[in-house]
Protein chains: 2
Amino acid sequence: MDKKKIPDIIIGRLPLYLRALNRMAANGSAVTSSKELGEWVGISAAQIRKDISQFGEFGKQGTGYNIDFLSKKIRGILNIDRIWDVAIIGMGDIGHGLTEYQGFRDRGFQVTLVFDNAPEKIGSKIGELTVHNIADMVDIINTADVKIAMIAVPANHAQAIADELTKTSVKAILNYAPIRLNVPDGVHVQYIDPATRLQWMTYYL
Amino acid sequence: MDKKKIPDIIIGRLPLYLRALNRMAANGSAVTSSKELGEWVGISAAQIRKDISQFGEFGKQGTGYNIDFLSKKIRGILNIDRIWDVAIIGMGDIGHGLTEYQGFRDRGFQVTLVFDNAPEKIGSKIGELTVHNIADMVDIINTADVKIAMIAVPANHAQAIADELTKTSVKAILNYAPIRLNVPDGVHVQYIDPATRLQWMTYYL
DNA sequence: TAGATTGTTAATCGATTAACAATC
DNA sequence: TAGATTGTTAATCGATTAACAATC
């Protein structure tokens, strides 16, 4: 029982708090309050305080939260007080864009392995990285002991890739294919599907 | 009162149901049940039935749901029984990838306008599309009467772009910049931030 | 008819909000 | 000290699940 069971939905909000705190720090602020932070992320002050208090007493009555301190605490909680290696499978437009994306670096991630199965892509370079053959994926990922992967292959291949990944060190998958993945317990999956998000909004148009 | 107020969270699940239904149809199925659909999307059968029943009685006791029929109904509810034009602002890696992304076409969307502010990009071609100057964005979008935009500019410019967009016909924004946008009532925003999703999962690693 | 599955109601569960004593 | 804001408890709100009559 070294870790109290925290609701998943609270964990999901921590990255948003962190994002806002980083921005406040960049603006030169040193201290914030649950009220201000709530306005930044669009969440009530009460909920901000309740969420944060799950992990300790990081604020001070009367003054609020020290931004650097809280930021450091949240990074520790989320295990991003380090740099995680990431593998990307599928070098189409999405995979290529993710490989070049500069937004990962200062948020705890670096892409170190990229894969495709197209003969004309295998062996080519994307920035510093060489595109590897998906056929060699399991071995290469295991050797590198990479824990995080992003799937950017067509929907009809995504489950097969996920199945392969479960034979590796990968324990967190960010899936860009518009399909739900079945994975064993202990492997975490998050989904990104822009069309789904757009369809959500068209209801209100 | 022509439209009963449906919880937003239910609306957000409809695109997932639709995605699964399309896939089932592609597999040659004609009929499904709340149980089967639930397994496809990872949601309980009871919830599937409850969600769908908000909009009408689309199933039959004993047999379940006709896939084509339900699919058509959901497309109607979500207003994607048509093709929506989409504008993309920012032609960096993300914007470029989204412009080329083939996954929008058969899900109700087509990218028709793209913008950047870099002189070397303005006037260049991406596929069929010419990159327009962000300075001309308000006029061009209004003339085309585009209702949906995706923001793919750096975080520190995203709010300014959103402010400009609120002067246009755009009423739905999909924001790829890692920052919350303030927009007036009646403008809808959804967020996509892969780093945030990854940070969510590292908690469990 | 017998079996299956819906639509819906009531019960349960969990998350959010309001309120306030503690205290910086 | 007076004002501000936390951490936490209790109240409220909303979402999910269980159960089952209706019926295909």
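Naming convention: chains lettered A, B, ... in sequence-line order (proteins, then strands); numbering from 1 in each chain.
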Inset, instruction - Mind checking which stems touch DNA chain C? I mean at least 3 consecutive Watson-Crick or G-U pairs, both distances under 3.5 Å. - result: C:3-24 with D:3-24
Inset, instruction - Please check if the side chain of B:D116 supplies one atom and the backbone of B:M91 the other of a donor-acceptor pair under 3.5 Å. - result: yes
Inset, instruction - Answer yes or no: does a side-chain N or O of A:S44 lie under 4.0 Å from OP1 or OP2 of C:dT17? - result: yes
Inset, instruction - Answer whether the closest heavy-atom distance between the side chains of A:W40 and A:L21 falls below 4.5 Å. - result: no
Inset, instruction - Measure from CD on A:Q47 to P on C:dA18 and round the result to the nearest Å. - result: 11 Å
Legend entry - d(CD1, A:I11; P, C:dA15) in whole Å: 12 Å
Inset, instruction - Scan for ring pair (Phe, Tyr, Trp, His ring centres under 6.0 Å) pairs involving residues 158-190 of chain B, sequence neighbours excluded, and state none if there are none. - result: A:Y204-B:H188
Inset, instruction - Quick one, give me the B/S/- string for nucleotides 1-11 of chain D, reading 5' to 3', where B means a protein heavy atom under 4.0 Å from the base and S means that only happens at the primed atoms, P, OP1 or OP2. - result: ---BBBBBB--
Inset, instruction - Determine, step by step, whether B:D51 and B:R49 satisfy the salt bridge (charged side-chain N to carboxylate O under 4.0 Å, His left out) criterion, reporting the C-alpha distance in whole Å, the side-chain angles of both residues, the deciding distance to 0.1 Å, and the verdict. - result: CA-CA 5 Å; B:D51 284 358; B:R49 290 201 301 280; over 6 Å; no
Legend entry - For atom CD1 of B:I43 and atom P of D:dT17, their distance in whole Å: 9 Å
Legend entry - Check: B:Q110 side chain, B:I83 main-chain N or O, donor-acceptor pair, under 3.5 Å: no
Inset, instruction - Report yes or no: do B:Q190 and B:N175 form a side-chain donor-acceptor pair below 3.5 Å? - result: no
Inset, instruction - Classify the side-chain pair A:Q159/A:D163 by whether it contains a donor and acceptor separated by less than 3.5 Å. - result: yes
Legend entry - Whole angstrom value for the distance that separates C1' of D:dT16 from CG of A:D8: 16 Å
Legend entry - Short side-chain to backbone donor-acceptor contact, B:D193 and B:P178, under 3.5 Å: no
Inset, instruction - Rounded off to whole Å, could you give me the CD1-to-P distance for the A:I6 and C:dG14 pair? - result: 15 Å
